[in-house]
Amino acid sequence: MSDDAIRIEGLRKTYAGGKQALKGIDLNVPQGSIFGLLGPNGAGKSTLINILAGLVVKTAGKVSIWGWDQDRNPRQSRASIGVMPQELNLDPFFTPRGALEVQAGLYGVPKRDRRTEEILELVGLEDKAEAYARTLSGGMRRRLLLGKALVHHPHILVLDEPTAGVDIELRQMLWRNVRRLNRERGMTIILTTHYLEEAEEMCDEIAIINHGEVAARDSTANLLGNIDAKTLVITPETMPDTLPEAPGIKAEKRDGGLIALSYRARETTAEDVLGLVRAHGISLRDVRTEQADLEDVFLELTRSRPAA
Ligand code: ADP
Ligand code: MG
């Protein structure tokens with residue numbers, strides 16, 4: 001087979017009612033990579049993932065999973081992929097152990113090949129193995145969904161916004177586990193996230209989806225290294241009468257006695273910005289950098305790059 005874990009050609013989805021959620025997606029995901037799908041709400045990420053999972057029927061196009069054509073070899077392609085969906089769709093009357101066993105049964109995993117205990121441990125639910133799903137916290141339910149995606153030992157693991165609304169501890173645990181699956185078992189990982197920092201930290205390659213199309217696709221370094229707009233937010237001891245100003249540095253008052261200074265990292269350094277602030281006689285109570293948000297990134301990318 002080719003070196004791609006996933007190959008998508010001309011993928012379209014129009015929902016009943018006429019919404020065109022995917023407008024011709026071409027995408028390949030290399031084997032062994034951690035691949036990020038980024039995009040604003042409504043971009044079509046979950047539609048794409050649910051088509052891979054076999055939960056949504058595509059309107060047109062070709063999808064092959066681990067070399068298996070989804071239409072010609074549905075069983076093999078389904079066996080190659082495990083999906084942790086965005087929605088928490090758990091049967092409240094199952095316990096984690098029960099839910100994993102049922103899922104393994106659905107995928108035809110023979111009893112001797114089941115690794116229920118290992119999976120419970122991996123997702124940190126060994127203490128809750130016999131608790132009813134309805135008594136689990138949101139974070140625990142998410143971990144159980146991750147466990148369910150792993151029961152049939154798939155080559156590819158897909159995570160749809162696994163950390164949305166999840167506390168930082170669980171987020172870190174999830175990422176540790178995902179990295180381990182990638183490094184130790186060579187599992188290909190596809191994830192969607194809203195958090196740029198997370199994508200930057202986790203992903204080898206990124207595709208940006210917007211309005212049902214691939215707006216950009218590149219290595220994480222190429223894609224996010226391109227994003228040049230930075231903001232330094234300072235809390236002055238006292239708000240000055242006039243704001244500091246210099247070519248390439250734009251200052252703006254913010255609520256709460258803050259000043260936001262925006263600049264381009266290629267032309268100006270944070271040191272330059274702080275130097276300007278000091279030269280303006282401002283003493284600092286606090287300084288922080290601000291992450292570019294996803295919307296800014298889209299604007300920047302769609303301005304500076306041709307659509308892929
Ligand atoms: P994302 O995951 O990027 O937020 P989705 O794939 O969930 O995006 O949604 C893409 C578009 O398709 C949105 O406009 C959404 O409202 C629409 N959509 C999603 N699911 C359905 C559905 N079952 N029926 C009709 N429209 C849908
Ligand atoms: Mg979604």
Side-chain angles (χ1 to χ4, degrees), residues 6-29 34-63 65 70 78 81-90 138-139 141-146 148-149 156-166 170-171 174-175 178 188-200 202-203 205-218 220 223-224 291-302 305 307-308:
I6 303 264
R7 210 169 246 285
I8 296 171
E9 283 168 50
L11 183 62
R12 293 176 181 277
K13 174 65 188 179
T14 307
Y15 283 107
K19 173 73 202 177
Q20 264 190 293
L22 301 177
K23 302 174 184 164
I25 298 271
D26 296 309
L27 200 62
N28 68 305
V29 175
I34 301 185
F35 193 94
L37 280 178
L38 275 146
N41 266 330
K45 304 180 299 295
S46 292
T47 300
L48 175 59
I49 279 174
N50 290 337
I51 290 172
L52 294 177
L55 298 170
V56 166
V57 179
K58 61 183 183 274
T59 305
K62 274 187 63 164
V63 172
I65 299 174
Q70 202 182 29
R78 215 168 80 92
I81 194 166
V83 179
M84 177 181 168
Q86 183 171 5
E87 306 291 330
L88 289 170
N89 56 348
L90 283 169
R141 289 179 202 198
R142 264 178 201 281
R143 283 185 269 160
L144 178 52
L145 287 177
L146 172 61
K148 282 179 71 179
I156 304 162
L157 174 65
V158 183
L159 308 154
D160 195 1
E161 310 233 1
T163 58
V166 154
L170 173 57
R171 195 185 292 181
L174 260 169
W175 291 141
V178 164
T188 303
I189 311 283
I190 301 173
L191 60 93
T192 73
T193 174
H194 266 90
Y195 303 109
L196 258 190
E197 258 170 9
E198 205 162 78
E200 197 166 10
M202 289 291 298
C203 299
E205 299 194 37
I206 290 177
I208 293 190
I209 311 279
N210 203 10
H211 300 302
E213 292 175 311
V214 178
R217 182 209 187 289
D218 213 329
T220 304
L223 201 64
L224 299 185
Q291 203 196 323
D293 83 23
L294 215 44
E295 299 296 333
D296 296 342
V297 174
F298 294 129
L299 280 179
E300 185 130 348
L301 284 170
T302 40
R305 297 168 67 98

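First listed ligand is number 1; within each ligand, the first listed atom is number 1. In this text, all values refer to a predicted model and were calculated from it rather than measured experimentally.
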Exercise for review: Side-chain contact test, heavy atoms from C-beta onward, threshold under 4.5 Å: evaluate it for K62 versus R7 and give yes or no.
Suggested key: no
Point to revise | Spacing of L38 atom CG and T220 atom OG1 [to the nearest 0.5 Å] | key: 8.5 Å
Review point. Is there a donor-acceptor pair under 3.5 Å between the side chain of T192 and the backbone N or O of E161?
Key: yes
Check your understanding: Do Q86 and K45 come within less than 4.5 Å of each other through their side chains, counting heavy atoms only?
Key -> no
Point to revise | Expected output: side-chain T59 to main-chain T14 donor-acceptor under 3.5 Å | key: yes
Check your understanding: For R78, what residues pass the side-chain contact (heavy atoms from CB on, under 4.5 Å) criterion, not counting sequence neighbours?
Key -> Y107
**Study point:** Amino acids in close contact with ligand 1, where any non-hydrogen atom sits under 4.0 angstrom away
**Key:** Y15, K19, A21, P40, N41, G42, A43, G44, K45, S46, T47
Review point. Quick one: side-chain contact (heavy atoms from CB on, under 4.5 Å) partners of E213, sequence neighbours excluded?
Key: K23
**Study point:** Student check: side-chain heavy atoms of I8 and L52 closer than 4.5 Å
**Key:** yes
Exercise for review: Under 2.8 Å from the Mg ion (ligand 2), how many protein N/O/S atoms do you get? Just the number, please.
Suggested key: 2
Review point. If only atom types and distance count, is the side chain of R217 paired as donor or acceptor with the main-chain N or O of N28 below 3.5 Å?
Key: yes
